[in-house]
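Input: a single structure, listed below in structure tokens.
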2 protein chains.
Amino acid sequence: MSRWQPDSRRRLQEAAVELYAEHGFSETTVAAVAERAGLTERTFFRYFADKREVLFGGEDALRAALVDAVAEAPRGAGPAELADAGVGAVVRALEPRRAELRRREPIVARHPELRERELTKLASWTAALREALEARAVPPRTAAVVASARVALLAVSARRWLADDGEDLAATVAADLAALRAST
Amino acid sequence: MSRWQPDSRRRLQEAAVELYAEHGFSETTVAAVAERAGLTERTFFRYFADKREVLFGGEDALRAALVDAVAEAPRGAGPAELADAGVGAVVRALEPRRAELRRREPIVARHPELRERELTKLASWTAALREALEARAVPPRTAAVVASARVALLAVSARRWLADDGEDLAATVAADLAALRAST
DNA sequence: GGCGTCGATGTCAGTGACTGTCATGACCGT
DNA sequence: ACGGTCATGACAGTCACTGACATCGACGCC
């Protein structure tokens with residue numbers, strides 16, 4: 001039998017979501033989150049770099065999925081198709097998490113500091129996509145522009161996907177891409 | 001004769017740029033910035049909401065210029081032309097500030113917290129452009145997608161514009177837009 | 001010229017995020 | 001048994017940020 005309960009990380013995440021949702025982000029102290037998880041403040045900071053990071057869990061895995069998908073896209077694919085492969089992987093990974101993301105979304109939306117962190121995650125996806133494109137021999141300028149445009153579009157689509165009750169994310173992305181093309 | 005020297009705000013900004021550049025952002029305390037400006041820490045926080053904000057001065061004015069340019073664009077302009085008008089205004093306002101921005105850029109680049117704040121400024125431009133487009137009767141989905149794409153492109157172009165020594169910003173934006181179109 | 005108000009700043013005390021360092025005690029292999 | 005490892009606790013310290021109140025030149029008004 002172990003000295004401590006397992007799953008500390010998950011317990012901290014759940015405690016944080018509950019408390020941030022209930023009392024607001026800035027009104028919740030890290031000590032309170034740790035206490036609800038049955039741990040101390042010090043241990044919180046061993047799992048998460050700061051008070052915000054606890055809300056942003058699987059982003060690294062998604063970035064890895066994105067990079068892998070680009071690396072494994074068929075030979076002969078152009079920049080746009082390579083980027084689509086990467087974004088598509090993220091979309092498929094996000095699709096089943098709609099409910100979970102909807103619990104987090106109002107918390108993040110209400111606190112500028114949390115939106116700021118979310119933007120950082122998006123930026124890291126942009127950088128990852130750009131590098132993955134360059135690794136597939138897309139010239140740097142093209143890689144930068146395409147990566148930036150696709151991730152920005154994904155963000156817009158994901159926001160609507162969470163806000164509305166309609167289509168799945170893949171369809172939303174496709175529709176938004178069509179709207180963008182139609183407007184130029 | 002006044003009781004205090006004027007220009008407190010500017011003095012704080014200059015002190016911050018100097019100290020952040022010299023010793024790094026996290027190694028510099030707000031008290032040190034205030035002291036170099038001949039003020040106290042408390043006064044620093046009367047001018048700037050937090051330690052990062054002191055590096056991001058004219059963003060509100062640029063956002064206003066963007067919104068005005070969209071509002072005053074000729075009747076009959078489509079979504080893309082309206083967005084171009086707004087982005088063009090920002091570009092013209094940025095163009096003469098290249099040297100100043102280059103002093104700030106390495107500081108921001110070295111500190112993730114500062115990049116995070118920069119992303120927030122970009123996001124506020126995106127939101128402003130989207131609203132300005134909607135005010136010109138662009139449908140919401142189109143406004144969101146176009147605004148996001150254009151500001152993302154501007155960010156990519158601006159980064160290269162600062163990094164390289166070549167063209168002016170307007171030309172960089174035009175070239176990047178062409179690269180994006182060519183790749184789809 | 002005196003007087004009251006105002007506005008920018010200082011002073012002080014407090015909270016809470018985050019960090020470095022060392023101690024603890026269950027687990028694991030030998 | 002025993003020594004090492006690893007997750008956690010305990011504790012002290014720094015610093016970003018905030019609220020409340022004091023200060024005192026400037027400025028207008030009588």
Side-chain angles (χ1 to χ4, degrees), chain A residues 1-57 107-108 110-118 120, chain B residues 1-57 107-108 110-121:
Chain A
M1 179 155 181
S2 146
R3 188 172 166 202
W4 298 281
Q5 303 189 355
D7 262 348
S8 294
R9 185 184 190 87
R10 180 174 307 273
R11 265 156 48 220
L12 285 168
Q13 288 171 327
E14 285 168 7
V17 169
E18 291 169 13
L19 290 175
Y20 292 175
E22 190 174 350
H23 307 300
F25 173 74
S26 27
E27 288 71 30
T28 306
T29 66
V30 172
V33 174
E35 189 187 4
R36 170 165 303 204
L39 296 165
T40 61
E41 190 183 3
R42 192 65 186 86
T43 298
F44 178 98
F45 286 110
R46 289 202 177 93
Y47 282 97
F48 304 101
D50 58 46
K51 190 185 171 185
R52 314 176 201 171
E53 196 65 18
V54 67
L55 287 183
F56 298 88
I107 307 174
V108 174
R110 274 234 298 282
H111 297 279
E113 320 139 82
L114 293 173
R115 293 234 233 117
E116 207 163 42
R117 179 56 49 85
E118 194 166 58
T120 296
Chain B
M1 178 153 181
S2 146
R3 188 173 166 199
W4 297 279
Q5 303 190 356
D7 263 347
S8 295
R9 186 185 190 86
R10 179 174 308 272
R11 266 156 46 221
L12 285 167
Q13 288 172 326
E14 285 169 6
V17 169
E18 291 169 13
L19 289 175
Y20 292 175
E22 190 173 350
H23 307 300
F25 174 74
S26 27
E27 289 71 30
T28 306
T29 66
V30 173
V33 174
E35 189 187 3
R36 169 165 304 203
L39 296 164
T40 62
E41 190 182 2
R42 191 65 185 89
T43 298
F44 178 98
F45 287 110
R46 289 203 177 91
Y47 282 97
F48 304 101
D50 59 45
K51 190 185 171 185
R52 315 175 199 171
E53 196 64 18
V54 66
L55 287 183
F56 298 88
I107 307 174
V108 174
R110 273 235 298 280
H111 296 279
E113 320 139 80
L114 294 173
R115 292 233 232 118
E116 206 162 43
R117 180 56 49 86
E118 193 165 61
L119 294 172
T120 295
K121 301 299 179 181

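Every chain is numbered from 1 and lettered A, B, ... according to where its sequence line falls, protein lines coming before strand lines.
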* Distance-only, no hydrogens or angles: does the B:R11 side chain make a donor-acceptor pair with backbone N or O of B:A37 under 3.5 Å? -> yes
* Asked: Considering all heavy atoms of both residues, which atom of A:E22 and which atom of A:R36 are nearest to each other, and what is their separation?
  ->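 Between these two residues, the closest heavy atoms are OE1-NH2, 4.2 Å.
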Can you find a side chain N or O atom of [X] that sits less than 4.0 Å from OP1 or OP2 on [N]?
| X | N | result |
| --- | --- | --- |
| B:T40 | C:dT11 | no |
| A:Y47 | D:dA7 | no |
| A:S8 | D:dT8 | yes |

In whole Å, I'd like the distance from the [atom1] atom of [X] to the [atom2] atom of [N].
| X | N | atom1 | atom2 | result |
| --- | --- | --- | --- | --- |
| A:E27 | C:dT15 | CD | C1' | 13 Å |
| B:F44 | D:dC15 | CZ | C1' | 13 Å |
| A:E53 | C:dT19 | CD | P | 12 Å |
| A:F48 | D:dT8 | CZ | P | 11 Å |
| A:F45 | D:dG9 | CZ | P | 14 Å |
| B:E113 | D:dA16 | CD | C1' | 12 Å |
| B:R9 | C:dT9 | CZ | P | 12 Å |
| B:R42 | C:dA13 | CZ | P | 15 Å |

* May I ask you to decide whether B:K121 forms a salt bridge with B:E53, counting only side-chain N to carboxylate O separations under 4.0 Å? =>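 Salt bridge flag = yes for B:E53 with B:K121.
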[X] side chain, from C-beta outward: closest of [options]:
| X | options | value |
| --- | --- | --- |
| B:T43 | C:dA17, D:dC15, C:dT9 | C:dT9 |
| B:L39 | D:dC17, C:dC18, C:dT9 | C:dT9 |
| A:D50 | D:dA16, C:dT21, C:dC18 | C:dC18 |

* What nucleic acid atoms does B:S26 come within less than 4.0 Å of, heavy atoms only: base, sugar-phosphate, or nothing? ->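 B:S26: no heavy atom of the nucleic acid under 4.0 Å.
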* Should B:V54 and B:V33 count as side-chain neighbours, where that means a heavy-atom distance under 4.5 Å? ->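 Counting from C-beta outward, B:V54 and B:V33 never come under 4.5 Å.
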* Determine whether B:E14 and B:R10 make a side-chain contact, defined as any pair of heavy atoms from C-beta on separated by less than 4.5 Å. =>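 B:E14 vs B:R10: side chains touch.
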* **Residue whose nearest DNA chain C nucleotide is more 5′ - B:E41 or A:R52** =>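 The residue mapped nearer the 5' terminus is B:E41.
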* To do: Confirm from the modelled atom types if B:R46 and C:dG7 form a donor-acceptor pair under 3.5 Å, side chain to base only.
  =>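 Answer no: no donor N or O sits under 3.5 Å from an acceptor.
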